[in-house]
Student: 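Questions regarding the structure given below will be posed in turn.
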Amino acid sequence: MGGHNSVQFSGIPQGRGPHAVGCTDFMSGPNIQGSFFRLYYPSAEVGDYEEPLWIPRKEYYLGLADTLKLNRFVVNFFLCYYFGSVKSPARWNAPFKPGEKYPLIIFSHGLGAFRTLYSAICIDLASQGFVVAAVEHRDRSASATYYLQERSPSDPSLEEVWLYNKILKPGEDEFPLRVQQVNQRAEESLRALDIILDFNAGKRTANLLPSDFDWSLLKESIDVQRIAAVGHSFGAATAIKSLGRDSRFRCGVALDAWMFPLKDEIFSNIHQPVLFVNSEKFHWVNNILIMKKMDSTSVERKMITIKGAVHQSFPDFTFLTGNVLGNLFKLKGEINPYVGMDIINHVTLAFLQRHLDLQKDFNQWDDLIDGKGEFLMPGTNLDLPPAETPQ
């Protein structure tokens, strides 16, 4: 399992790009219809800023316990001991670095996750010159989240209202819930996009959270022609749904997509390029066949598989567990987690450069888009029915 110190020693990787990375939280409202996201961004390098706790509140531990269907007290004690002092390698509330227009990514988390659990991906993208908004969804698919509301008509002070992952009852039909959730998730992604573009246009939306971050520095700092949707698992389905809702998204990257919420989707209204980055161990034939419905001769749709990767090779937990614990909870695959994350980030950057027309050097990883590499294969590792096999 490894001791507490070994957890700290492994750690979430720093961004590999040329920019220092800052992060801050934003919540609009008050009420559940507001927006909640963590913003990762290129930051000015001046000043000394603390790194934020990776899991920011104890309520998230309780939500993870519920999601895992384990005892709250035991899980809270265990997770606090192992992960309570783990920090994300970004500068909390560091000043935004103005002076250029950055492409924008709206990132959507998976089922049972929340806004901080994909910091390795988000921080690396921000270090390469992207602004990344990691939305925390309020559709009761997050392990835990909260919003602020007025206590009463006579007391306008704000109180927290916590929402936990909705656990299906035995025999309950899952599909209607997931359809409702993916629609709400797409709406929340677009709401975050609108808020950031308002800041870019010089319009202010009040942040209900205490913060010294100067949002006015975002004015004229977002490249409104270079916006992408990225997500993992349920978040990948959310990213795809968002593409169909809003043409401001130029392309999408679907990381180990859980396509079940989209099984009845008509994909003809999605015209943007999409990259599917799959792990070897997560998928089943029907999930891949729904992805294959998006095949197109007019726009690039790519699928690659990372050999030895598992579904949890994408969130940060893969870096923070020893081999015994990692294998027990399938948080680690056979591939080294740092090698796997490099592939995930590099292929994402290459695809974004190609379809956002970026003048960067990310095309050095173009071969990854075609599934070329020691730990990659094009398409899927699954045997598909003959009629569905790509030509």
Student: Give me the atom names and distance for the closest heavy-atom approach of F37 to A192.
Tutor: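 Looking at all heavy atoms of both residues, the closest pair is CD2-CB, 3.8 Å.
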Student: Linking I/L/V/M/F/W/Y whenever their side-chain heavy atoms sit closer than 4.5 Å, directly or via other members, would V339 and F317 fall into one cluster?
Tutor: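 Yes, V339 connects to F317 through the hydrophobic network.
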Student: Rounded at 0.5 Å granularity, tell me how far CG in N165 sits from CZ in R140.
Tutor: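 Between N165 CG and R140 CZ, I get 8.0 Å after rounding to 0.5 Å.
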Student: What closest approach, in Å, do P18 and Q128 show between heavy atoms, and which atom pair accounts for it?
Tutor: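 The pair with the smallest heavy-atom distance is CD-OE1, 3.8 Å.
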Student: Please confirm whether the backbone N or O of S242 pairs with a side-chain atom of R185, one donor and one acceptor, at under 3.5 Å?
Tutor: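 No.
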Student: Identify the heavy atoms of T318 and P337 that sit nearest to each other, and give their distance.
Tutor: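 Of all heavy-atom pairs spanning T318 and P337, the closest is OG1-CB, 3.5 Å.
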Student: Considering residues, nucleotides and ligands other than F77, do more than 12 of their heavy atoms fall under 6.0 Å from its CZ?
Tutor: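 Result for CZ/F77: open.
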Student: Could you give the distance from OG1 (T305) to CD1 (I288), rounded to the nearest 0.5 Å?
Tutor: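 It comes to 6.5 Å.
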Student: Please report whether the ring centroid of Y146 lies less than 6.0 Å from that of W162.
Tutor: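 So the answer is yes for these two rings.
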Student: Does a sphere of radius 6.0 Å around CG in D383 hold more than 12 heavy atoms from other residues, nucleotides or ligands, not counting ones at 6.0 Å or beyond?
Tutor: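 At most 12 heavy atoms, drawn from other residues, nucleotides or ligands, come within 6.0 Å of this atom.
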Student: If hydrophobic residues (ILVMFWY) are linked whenever their side-chain heavy atoms come closer than 4.5 Å, directly or via other members, who joins I32 in its cluster?
Tutor: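 Same cluster as I32: Y147, V161, L163.
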Student: Give, for atom CG of N345 and atom CG of D342, the distance between the pair rounded to the nearest 0.5 Å.
Tutor: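 Between atom CG of N345 and atom CG of D342 there are 7.0 Å.
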Student: Just grab all the ring pair (Phe, Tyr, Trp, His ring centres under 6.0 Å) pairs involving residues 121-145, residues at least two apart or on different chains.
Tutor: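 Applying ring pair (Phe, Tyr, Trp, His ring centres under 6.0 Å) to every pair that reaches into residues 121-145, excluding sequence neighbours, yields H109-H137.
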Student: Do the non-hydrogen side-chain atoms of S247 and H271 ever get within less than 4.5 Å of each other?
Tutor: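 Side chain of S247 against side chain of H271, heavy atoms only: no contact under 4.5 Å found.
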Student: Using modelled atom types and a 3.5 Å cut-off, is there a donor and acceptor pairing between side-chain atoms of N200 and backbone atoms of I222?
Tutor: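 Checking the backbone N and O of I222 against the side chain of N200, a donor-acceptor pair under 3.5 Å is found.
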Student: Mind listing the closest non-hydrogen atom pair of A90 and P52 along with its distance?
Tutor: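 In terms of heavy atoms, the two residues are closest at O-CD, 3.2 Å.
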Student: Locate the shortest heavy-atom distance separating L64 from G112; write the atom from each residue and the value.
Tutor: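 Heavy-atom minimum between the residues: CD2-O, 3.7 Å.
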Student: Answer yes if the ring centres of F314 and F282 are under 6.0 angstrom apart, and no otherwise.
Tutor: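 No: the rings miss the under 6.0 Å criterion.
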Student: Is the backbone of A237 close enough, under 3.5 Å, to the side chain of W258 for a donor and an acceptor to pair up by distance?
Tutor: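 Looks like no, no N/O pair under 3.5 Å.
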Student: Could K203 and D194 be called an ion pair, given the rule that one side-chain N must be under 4.0 Å from one carboxylate O?
Tutor: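 Looking at D194 together with K203, the answer is no, because their closest N to O distance does not fall below 4.0 Å.
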Student: Find the distance between CE (M294) and CG (L243) and round it off to the nearest 0.5 Å.
Tutor: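 Here the interatomic distance stands at 7.0 Å.
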Student: Looking at side-chain heavy atoms only, is the closest gap between D256 and H232 below 4.5 Å?
Tutor: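 Heavy-atom side-chain distance check passes, below 4.5 Å.
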Student: Please evaluate residues S141 and Q181 with respect to the criterion side-chain hydrogen bond (donor to acceptor under 3.5 Å, both in side chains), reporting the C-alpha separation (whole Å), side-chain torsions for both, the decisive distance (0.1 Å), and the verdict.
Tutor: CA-CA 7 Å; S141 68; Q181 287 178 325; 5.0 Å; no
Student: Within the structure provided, determine whether Y164 and E59 are in side-chain contact (heavy-atom separation under 4.5 Å).
Tutor: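 Yes; the side chains approach each other to less than 4.5 Å.
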Student: Check for a donor-acceptor pair, side chain of N31 on one end and backbone N or O of Q149 on the other, with a separation under 3.5 Å.
Tutor: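 The answer is no, because no donor-acceptor pair under 3.5 Å joins these two groups.
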Student: Within a reach of under 6.0 Å around CD1 of I266, are more than 12 heavy atoms found that belong to other residues, nucleotides or ligands?
Tutor: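 Check fails, neighbour count at 12 or below.
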Student: Looking at F199, Y49, Y41, which one forms a ring-ring contact (aromatic ring centres under 6.0 Å, His included) with F213?
Tutor: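 Of F199, Y49, Y41, ring-ring contact (aromatic ring centres under 6.0 Å, His included) with F213 is met by Y41 alone.
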Student: Is any side-chain heavy atom of Y60 closer than 4.5 Å to one of L79?
Tutor: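 No; the side chains remain at least 4.5 Å from each other.
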Student: Show, in sequence, the C-alpha distance, side-chain angles and deciding distance for K293 and E265, and conclude whether the salt bridge (Lys or Arg N to Asp or Glu O under 4.0 Å) test is met.
Tutor: CA-CA 9 Å; K293 288 182 180 180; E265 191 79 9; over 6 Å; no
Student: Decide side-chain contact (heavy atoms from CB on, under 4.5 Å) for N183 and K241; before the verdict, give the C-alpha distance in whole Å, the side-chain angles of both, and the deciding distance to 0.1 Å.
Tutor: CA-CA 7 Å; N183 279 292; K241 189 76 174 180; 3.2 Å; yes
Student: Can we call the ring centroids of F96 and Y102 under 6.0 Å apart?
Tutor: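 So the answer is yes for these two rings.
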Student: Are I106 and V224 connected in the hydrophobic side-chain network, where two residues link if heavy atoms are under 4.5 Å apart?
Tutor: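 Cluster IDs for I106 and V224 match.
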Student: Is the side chain of Q353 donor-acceptor paired with the backbone N or O of K360 at a distance under 3.5 Å, no angle test?
Tutor: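 Indeed, once roles are kept as given, a pair shorter than 3.5 Å links the two residues.
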Student: Check the pair L255, T348 against side-chain contact (heavy atoms from CB on, under 4.5 Å), reporting the backbone distance first and the verdict last.
Tutor: CA-CA 9 Å; L255 304 173; T348 298; 4.3 Å; yes
Student: Going from CD1 on I290 to CH2 on W284, what distance comes out if it is rounded to the nearest 0.5 angstrom?
Tutor: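 The CH2 atom of W284 is 8.0 Å from CD1 of I290, to the nearest 0.5 Å.
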Student: In the single-linkage hydrophobic clustering (I, L, V, M, F, W, Y; side-chain heavy atoms under 4.5 Å), do V179 and F267 co-cluster?
Tutor: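 Per the 4.5 Å side-chain linkage, V179 and F267 are co-clustered.
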Student: Taking the side chain as C-beta and beyond, is there a heavy-atom pair between E150 and L158 under 4.5 Å?
Tutor: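 When only atoms from C-beta onward are counted, L158 and E150 do touch, with a gap below 4.5 Å.
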Student: Do the rings of F26 and W215 sit parallel, tilted or perpendicular, given the 30° and 60° boundaries?
Tutor: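 The arrangement is perpendicular - the two ring planes meet at more than 60°.
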Student: Using side-chain heavy atoms (C-beta onward) and a distance below 4.5 Å, is F276 in contact with M259?
Tutor: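 Counting from C-beta outward, F276 and M259 do come under 4.5 Å.
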Student: Could you check if a side-chain atom of K332 sits within less than 4.5 angstrom of a side-chain atom of Q312, using non-hydrogen atoms only?
Tutor: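 Result no, sub-4.5 Å side-chain heavy-atom pair not found.
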Student: Within a 6.0 Å radius of atom CD on E45, are there more than 12 heavy atoms belonging to other residues, nucleotides or ligands?
Tutor: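 No, because the 6.0 Å sphere around CD of E45 holds 12 heavy atoms or fewer from other groups.
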Student: Using the rule that two of Ile, Leu, Val, Met, Phe, Trp, Tyr join whenever any of their side-chain heavy atoms come within less than 4.5 Å, decide whether Y61 and F78 are in one cluster.
Tutor: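 The answer is yes; both residues are in one hydrophobic cluster.
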Student: Carefully, step by step, assess K307 and L376 under the rule side-chain contact (heavy atoms from CB on, under 4.5 Å).
Tutor: CA-CA 6 Å; K307 300 174 186 177; L376 284 174; 5.9 Å; no
Student: Using a 3.5 Å distance criterion without hydrogens, assess whether the side chain of D367 forms a donor-acceptor pair with backbone atoms of K372.
Tutor: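 Checked: no pair found.
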Student: Short question: side chain of R138, backbone of G34 - any donor-acceptor pair under 3.5 Å?
Tutor: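 Yes, R138 side chain to G34 backbone: donor-acceptor pair under 3.5 Å.
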Student: Would you compute the distance between atom CG of D66 and atom NZ of K166 and round it to the nearest 0.5 angstrom?
Tutor: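 Reported value, rounded in 0.5 Å steps: 13.0 Å.
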Student: Any idea which heavy atoms bring I304 and D370 closest together, and the distance?
Tutor: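 Minimum heavy-atom separation between I304 and D370: CG2-C, 4.2 Å.
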Student: Would you find more than 12 non-hydrogen atoms of other residues, nucleotides or ligands less than 6.0 Å from R16 atom CZ?
Tutor: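 It does not: R16 CZ has 12 such atoms or fewer within range.
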Student: Under 4.5 Å between side-chain heavy atoms, hopping through other hydrophobics if needed: is there a path connecting L111 to L177?
Tutor: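 The answer is no; the residues belong to distinct hydrophobic clusters.
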Student: Within a 6.0 Å radius of atom CD on E50, are there more than 12 heavy atoms belonging to other residues, nucleotides or ligands?
Tutor: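 Atom CD in E50 is not crowded, with 12 or fewer foreign heavy atoms closer than 6.0 Å.
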Student: Distance alone, cut at 3.5 Å: any donor-acceptor contact between the side chains of R38 and Y118?
Tutor: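 R38 vs Y118: no donor-acceptor pair found between side chains.
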Student: So do R250 and I227 actually touch side chain to side chain, heavy atoms under 4.5 Å?
Tutor: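 No, their side chains stay 4.5 Å or more apart.
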Student: Counting only heavy atoms not in D212 (residues, nucleotides, ligands), do more than 12 fall under 6.0 Å from its CG?
Tutor: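 12 or below, so no.
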Student: Applying side chain to side chain contact (heavy atoms under 4.5 Å, CB included) between R226 and each of D357, L352, I105, L104, report the one that passes.
Tutor: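 Only match with R226 under side chain to side chain contact (heavy atoms under 4.5 Å, CB included): D357.
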Student: Applying side-chain contact (heavy atoms from CB on, under 4.5 Å) to K292 and M303, what does each step give before you reach the verdict?
Tutor: CA-CA 9 Å; K292 298 296 293 177; M303 182 191 301; 3.8 Å; yes
Student: Can you name the residues that form a side-chain contact (heavy atoms from CB on, under 4.5 Å) with H355, not counting sequence neighbours?
Tutor: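 Testing H355 for side-chain contact (heavy atoms from CB on, under 4.5 Å), a comparison that skips the adjacent residues, returns C251, P273, E300, F351.
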Student: Under 3.5 Å, side chain of S28 to main-chain N/O of S35, donor-acceptor pair present?
Tutor: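 Side chain of S28 to backbone of S35: a pair is present.
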